[in-house]
Amino acid sequence: MPSYVITGVSRGLGWEFMKQLSDDAENTVIGIVRNKPLTDKRVAEELSSRPNITILEADLTNYDELKNASINAASITGGSLDYLIANAAYSTPLDTYDNIGTLPGDTKRGQRPQELSDEFSKSVANVLGTIHLYNLFMLQILEGAAKKVVAISSGIADIDWINDYGNEALSLNAMSKAALNVATAKFSAQYKRDGVLFLSVCPGLVDTGHFVEPTPEQRARLEGMLAKFGEYAPGFKGPITPTESVKAVLSVVENASIAKGDGGRFLSHFGNKQWL
Ligand SMILES: NC(=O)c1ccc[n+]([C@@H]2O[C@H](COP(=O)([O-])OP(=O)(O)OC[C@H]3O[C@@H](n4cnc5c(N)ncnc54)[C@H](OP(=O)(O)O)[C@@H]3O)[C@@H](O)[C@H]2O)c1
């Protein structure tokens, strides 16, 4: 009867993790969201209030709320947790199409350094929140049978991919995921000896409704980016669905182990370093 805590289950990949994992009535699935009434309503409407799902409320940037969520989760599971999936993240819309040199401004409005600073801080807050999350749930993970902690990362943080294929976009997202990968590897270095597997996994490029309409200038950059993706992965046909992505990520998580040398690794949804 494995237990799971997943952050950011209100929508997107988090919702899909919760849905697929709670398909098995034996699993105990705890989702953490910022707006509990809204997610409870969605669970009631779309999943007929499955009895193996509990929704708790916490903002990743609020330590006290996260702490309360960890205490409430322990009271549901009896104090042991098998899997922690750190999925929640603020993804800035600022850098979807623009490269790092054009981020602080545009031709019409000029430089916008404050906006860049604010979006950078919000992106990096994801990492600090996840470090608090890991620490707050660590005792429960140590008591669990599976002992697996998963950060939902992104291949855009792979420096070799950036360098070899000139991946210019999504700089702030990439920097926050690079920091997340390091934090996750550092936790692995500390807790591997206790049998805890920490992993950073990229879910692939997934359509979760984020593709905002680009300006003509941005469209040109987008086309350049997609051409580079095609060069990198000749079979690339565009974003995959949350269903496909979560199925693949869960399979990577199931197959990975400390014994196979996976502790602290940064893997794609294929279980390797092929990001698309
Ligand atoms: N989609 C992709 O192509 C892709 C690719 C690579 C990596 N990823 C990663 O996969 C994960 C999920 O992506 P997604 O596309 O499903 O994202 P999404 O649709 O933007 O959903 C993000 C989730 O995180 C929650 N969240 C954001 N900030 C939070 C905070 N401060 N505290 C608590 N919860 C917070 C959101 O809650 P609210 O509803 O309250 O806002 C939402 O549930 C993210 O870590 C993302 O970086 C996605």
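Just so you know, these numbers use all the heavy atoms, side chains as well, and skip hydrogens, waters and symmetry mates. Sequential numbering from 1 along the given sequence is applied to the chain's residues. Start at 1 and go down the list; that is how both ligands and their atoms are numbered.
- Considering backbone and side-chain N/O atoms, Thr208 comes within less than 3.5 Å of an N/O atom of ligand 1.
- Within 6.0 Å of the NZ atom in Lys273, the count of heavy atoms belonging to other residues, nucleotides or ligands exceeds 12.
- Taking the six-membered ring for Trp and thresholds of 30 and 60 degrees, Tyr83 and Tyr4 have nearly parallel ring planes, at less than 30 degrees apart.
- Ligand 1 does not have Ser245 within reach: every non-hydrogen atom of the residue lies 4.0 Å or more from it.
- Ring geometry, Phe229 versus Phe236: the interplanar angle exceeds 60°, so the pair is classed perpendicular (tilted spans 30 to 60°).
- At least one heavy atom of Asn87 lies less than 4.0 angstrom from ligand 1.
- In terms of protein heavy-atom proximity, atom 31 (N) of ligand 1 is closest to Asp59 OD1, 2.9 Å.
- Of the possible polar contacts, one joining the Lys177 side chain to the Ile152 backbone as a donor-acceptor pair under 3.5 Å is found.
- When Gly204, Ser123, Ser153 are checked for heavy-atom proximity to atom 5 (C) of ligand 1, Gly204 turns out nearest.
- Residue contacts with ligand 1 include Leu205, since one of its heavy atoms falls under 4.0 Å from the ligand.
- Atoms CZ and OG1, on Arg42 and Thr39 in that order, are 8.0 Å from each other to the nearest 0.5 Å.
- Of the charged side-chain nitrogens involved, none lies within less than 4.0 Å of a carboxylate oxygen, so that Glu231 and Lys228 do not count as a salt-bridged pair.
- Near Leu60, meaning under 4.0 Å from any of its heavy atoms, are these atoms of ligand 1: 30 (C), 31 (N), 32 (N), 33 (C).
- Environment of CG in Leu139: sparse, with no more than 12 heavy atoms of neighbouring residues, nucleotides or ligands closer than 6.0 Å.
- For NZ of Lys237, the number of neighbouring non-hydrogen atoms (other residues, nucleotides, ligands) closer than 6.0 Å is 12 at most.
- Residue Lys177 places a heavy atom less than 4.0 Å from ligand 1.
- Every atom of ligand 1 with a heavy atom of Ala88 under 4.0 Å away is listed here by number and element: 24 (O), 25 (C), 26 (N), 34 (N), 35 (C).
- For Pro242, the heavy-atom gap to ligand 1 stays at 4.0 angstrom or more.
- The N/O atoms of Thr61, backbone and side chain alike, include none that comes under 3.5 Å of an N/O atom in ligand 1.
- Per-residue contacts place Ser154 under 4.0 angstrom from the following atoms of ligand 1 (heavy atoms of the residue considered): 6 (C), 7 (C).
- Using a 4.0 Å cutoff on heavy atoms, Ile152 counts as a contact of ligand 1.
- Under the 3.5 Å distance criterion, the side-chain polar atoms of Lys147 are left unmatched by any main-chain donor or acceptor of Asp194.
- Near Tyr90, meaning under 4.0 Å from any of its heavy atoms, are these atoms of ligand 1: 27 (C), 28 (N).
- Nearest-heavy-atom check against atom 22 (C) of ligand 1 across Gly129, Ala89, Pro239, Gly31 picks out Ala89.
- In terms of polar-atom proximity, defined here as any N/O pair under 3.5 Å, Gly14 makes no such contact with ligand 1.
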*Can Lys247 and Glu244 be said to form a salt bridge (Lys or Arg N to Asp or Glu O under 4.0 Å), step by step?*
CA-CA 5 Å; Lys247 203 168 163 237; Glu244 293 170 304; over 6 Å; no
